[in-house]
Amino acid sequence: MRLLTLRTETGKGTVAVRQDGDTLTEIEGFSDVGALLQDPAWAAIAEAANGATHAYDGADLAAVVPSPGKIICVGHNYRNHIKEMGRELPEYPTLFAKYQESLIGPNDDLALPQESDTVDWEAELAVVIGRKGRRISEADAADHIAGYSVLNDISMRDYQFRTVQWLQGKTWEKSTPFGPALVTKDEFKAGPLMTSAVDGEIQQSTPTGDLVFTPEFLVSYISTIITLNPGDVIATGTPGGVGHAQNPKRYLQEGQLLVTTIEGLGQLNNRVVKEA
């Protein structure tokens, strides 16, 4: 299944929907995909939904999980990105966080802040948790994954590298496109091509199978530290091709279009707009 969060008419908020081809069907009683995942029977509820329908074309989509309890990000998790940044393969995952205020929808404008002129792209495979767990074994981790989505971990490099801790460069408001859909794990096989493009020029192009630490390993590792709850998000890292590693360095500019794609999951299309 493909599950999305649809913005409805002005003032009426959002609703979780199931996508069937060009049609979106409301999953009544659930304001977004994150709320739906709180119900242990979410998959059966979504499959049986027969609420009001909407056309997918032109739909106003929010971030697929607009208010996750946790957004845990992984740095240095693609071999070619580790190489371009001049580092060794890590023994353990590098973890940091984002906050929900950073999230935007798959077609929303991306806010270019006044304070940074080194805004970089990082295409990522996102894992969405569907079942609560602590100290989950790697063998059981797949049972706790609801599905996968597309995310771009937009990074303000000047703020990121002010200190050895990255958070201040990673969670700027309205900077992280996420969606368009949660694709359930039965419909997604790890390894498809992930790309990012700026104004049609490909910057990143790597199979998601190039990950050092797999989604299952990350679920197990992170859940050793903290309980993972339905709707939590793990951004699994970016491949080579970021602007900061290019010579000369390249960063997003006002008016550019950033397109992030993972085969089988969908596409993010975000225009870069200077924040007021």
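The distance from atom OG1 of T171 to atom CD of Q100, rounded to the nearest 0.5 Å, is 10.0 Å. The structure places CG of D140 at 15.0 Å from CZ of R135, a figure rounded to the nearest 0.5 Å. The structure places CD of E124 at 12.0 Å from CD1 of I234, a figure rounded to the nearest 0.5 Å. Summarising the geometry, atom CG belonging to D32 is positioned 5.0 Å from atom OG1 belonging to T14; distances are rounded to the nearest 0.5 Å. Rounded to the nearest 0.5 angstrom, T236 OG1 and Y78 OH are separated by 4.5 Å. Note: I222 CD1 to I129 CD1 = 8.0 Å, rounded to the nearest 0.5 Å.
In this structure, the side chain of R18 engages the main chain of A49 through a donor-acceptor pair within 3.5 Å. Looking only at distances, no side-chain donor or acceptor of W172 sits under 3.5 Å from a matching main-chain atom of I154.
Side-chain contact between V212 and R79 is present, with heavy atoms from C-beta onward closer than 4.5 Å. Within the 4.5 Å cutoff, the side chain of W42 has heavy atoms near those of the L3 side chain. Side chains of Q267 and V150 form no contact here, defined as non-hydrogen atoms less than 4.5 Å apart. Side-chain contact between P68 and L103 is present, with heavy atoms from C-beta onward closer than 4.5 Å. For the pair L95/Y221, a side-chain contact is recorded, criterion being any heavy-atom separation below 4.5 Å from C-beta on. Proximity of L6 to H54: side-chain heavy atoms (C-beta onward) are separated by under 4.5 Å at one or more points. For the pair M194/P239, a side-chain contact is recorded, criterion being any heavy-atom separation below 4.5 Å from C-beta on.
Of the residues K249, R250, R157, the one that meets the side chain to side chain donor-acceptor pair (under 3.5 Å) test with D120 is R157.
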Walk me through whether T176 and I104 qualify under side-chain contact (heavy atoms from CB on, under 4.5 Å).
CA-CA 6 Å; T176 305; I104 60 174; 5.7 Å; no
Salt bridge (charged side-chain N to carboxylate O under 4.0 Å, His left out) assessment of K174 paired with D109
CA-CA 8 Å; K174 297 180 181 178; D109 289 342; over 6 Å; no
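Within a 6.0 Å sphere centred on CD of E138, other residues, nucleotides and ligands contribute more than 12 heavy atoms. The environment of CZ in F213 is crowded: more than 12 heavy-atom neighbours from other residues, nucleotides or ligands sit within 6.0 Å. Other residues, nucleotides and ligands contribute only 12 or fewer heavy atoms inside 6.0 Å of the NZ atom of K132. Atom CG of D57 is surrounded by 12 or fewer heavy atoms from other residues, nucleotides or ligands within 6.0 Å.
At a threshold of 4.5 Å between side-chain heavy atoms, the hydrophobic network of Ile, Leu, Val, Met, Phe, Trp and Tyr places L258 and V242 in two separate groups. F30 and V128 end up in the same hydrophobic cluster when Ile, Leu, Val, Met, Phe, Trp and Tyr side chains are linked at under 4.5 Å. Hydrophobic clustering (side-chain heavy atoms under 4.5 Å, transitive across Ile, Leu, Val, Met, Phe, Trp, Tyr) groups L218 together with I225. Cluster membership for V15 and L182, using ILVMFWY side-chain heavy atoms within less than 4.5 angstrom, is not shared. Using a 4.5 Å cut-off between side-chain heavy atoms of Ile, Leu, Val, Met, Phe, Trp and Tyr, with links allowed through other members, I72 and L151 fall into different hydrophobic clusters.
Inspection of the E122 and Q204 side chains reveals no N or O donor paired with an N or O acceptor under 3.5 Å. At a cut-off of 3.5 Å, with distance as the only test, no side-chain donor of Q160 or H244 sits close to an acceptor on the other residue. In the model, D158 has a side-chain atom that pairs as donor or acceptor with a side-chain atom of S116 under 3.5 Å.
With respect to D232 and R131, no salt bridge is recorded, no charged nitrogen being found less than 4.0 Å from a carboxylate O.
Under the 6.0 Å cut-off for aromatic ring centres, Y159 and W166 do not qualify, their centroids lying 6.0 Å or more apart.
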